[in-house]
Amino acid sequence: ATMATPVTRRKVLQLYKQLLRAAEKMPTPNRRNHVRTKTRSEFKANIALTDPQDIDFCIRYADTNLDTVLVQAEHLTNVMSDPNYMTDI
């Protein structure tokens, strides 16, 4: 089994930290917890990967998830800060 290269390892750890930091931008405790739990479980489930293609796929997937979390956090924060939120339903 081949080990992840130092560059790959650094990128994975960087994404992990970025996702956990992005979770803190979510506007509600439930959403923050969901992102943290999902991030930890996904990384834990893939910790033993050795195939470079699998590792690359997971890195791209995590990168996409990071973008999604950041966009959702901004959108939800804006929506929930609207004074009419929950009043115009």
Side-chain angles (χ1 to χ4, degrees):
T2 58
M3 296 285 291
T5 66
V7 172
T8 301
R9 181 176 167 76
R10 191 163 44 251
K11 176 67 177 164
V12 169
L13 291 172
Q14 181 183 32
L15 275 168
Y16 182 73
K17 289 176 190 171
Q18 287 174 315
L19 276 159
L20 292 178
R21 276 193 220 105
E24 298 310 310
K25 296 177 190 278
M26 282 294 189
T28 65
N30 277 351
R31 290 185 184 274
R32 284 190 291 274
N33 287 333
H34 172 75
V35 173
R36 280 193 298 253
T37 301
K38 182 81 170 143
T39 298
R40 289 182 182 126
S41 66
E42 288 286 331
F43 276 78
K44 196 172 189 176
N46 293 298
I47 199 165
L49 287 181
T50 56
D51 183 315
Q53 281 186 301
D54 291 343
I55 293 168
D56 186 54
F57 173 81
C58 286
I59 288 172
R60 285 185 281 117
Y61 184 68
D63 214 17
T64 301
N65 282 338
L66 175 60
D67 290 343
T68 302
V69 168
L70 291 170
V71 167
Q72 284 182 354
E74 183 179 0
H75 172 73
L76 291 170
T77 299
N78 290 340
V79 166
M80 295 172 111
S81 65
D82 183 332
N84 295 318
Y85 178 68
M86 297 297 278
T87 60
D88 57 359
I89 294 175

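On a predicted model such as this, the values are computed, not experimentally measured, just so you know. Worth knowing before you read on, the calculation uses all heavy atoms, side chains too, and leaves out hydrogens, waters and symmetry mates.
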| query | What are the two closest non-hydrogen atoms of T8 and T5, and how far apart are they? | reply | OG1-OG1, 2.8 Å
Anything under 3.5 Å between a donor and an acceptor, one on a side chain of residues 55-64, the other on a protein residue two or more places apart or in another chain? List them.
from	atom 1	to	atom 2	distance (Å)
D56	OD2	R60	NE	3.1
D56	OD2	R60	NH2	3.3
T64	OG1	R60	O	3.0

| message | As an exercise, state the distance from CG of L15 to CG of N65, rounded to the nearest 0.5 Å. | response | 10.0 Å
| query | For atom CZ of R32, is the number of surrounding heavy atoms from other residues, nucleotides or ligands below 6.0 Å larger than 12? | reply | yes
| When rounded to the nearest 0.5 angstrom, what is the spacing between CZ in R21 and CG in L70? | 11.0 Å
| task | State, to 0.1 Å, how close P27 and A73 come at their nearest heavy-atom pair, and which atoms those are. | result | CD-O, 4.3 Å
| field | Partner set under side chain to side chain donor-acceptor pair (under 3.5 Å) for E24, not counting sequence neighbours | value | R36
| message | Out of the candidates V69, L66, L19, only one should pair with T39 under the side chain to side chain contact (heavy atoms under 4.5 Å, CB included) rule; please name it. | response | L19
| Separation of N78 CG from M80 CE (nearest 0.5 Å) | 11.5 Å
| task | Output all residues satisfying side chain to side chain donor-acceptor pair (under 3.5 Å) with E42, sequence neighbours left out; order by chain, then residue number. | result | K38
| message | Counting only heavy atoms not in E74 (residues, nucleotides, ligands), do more than 12 fall under 6.0 Å from its CD? | response | no
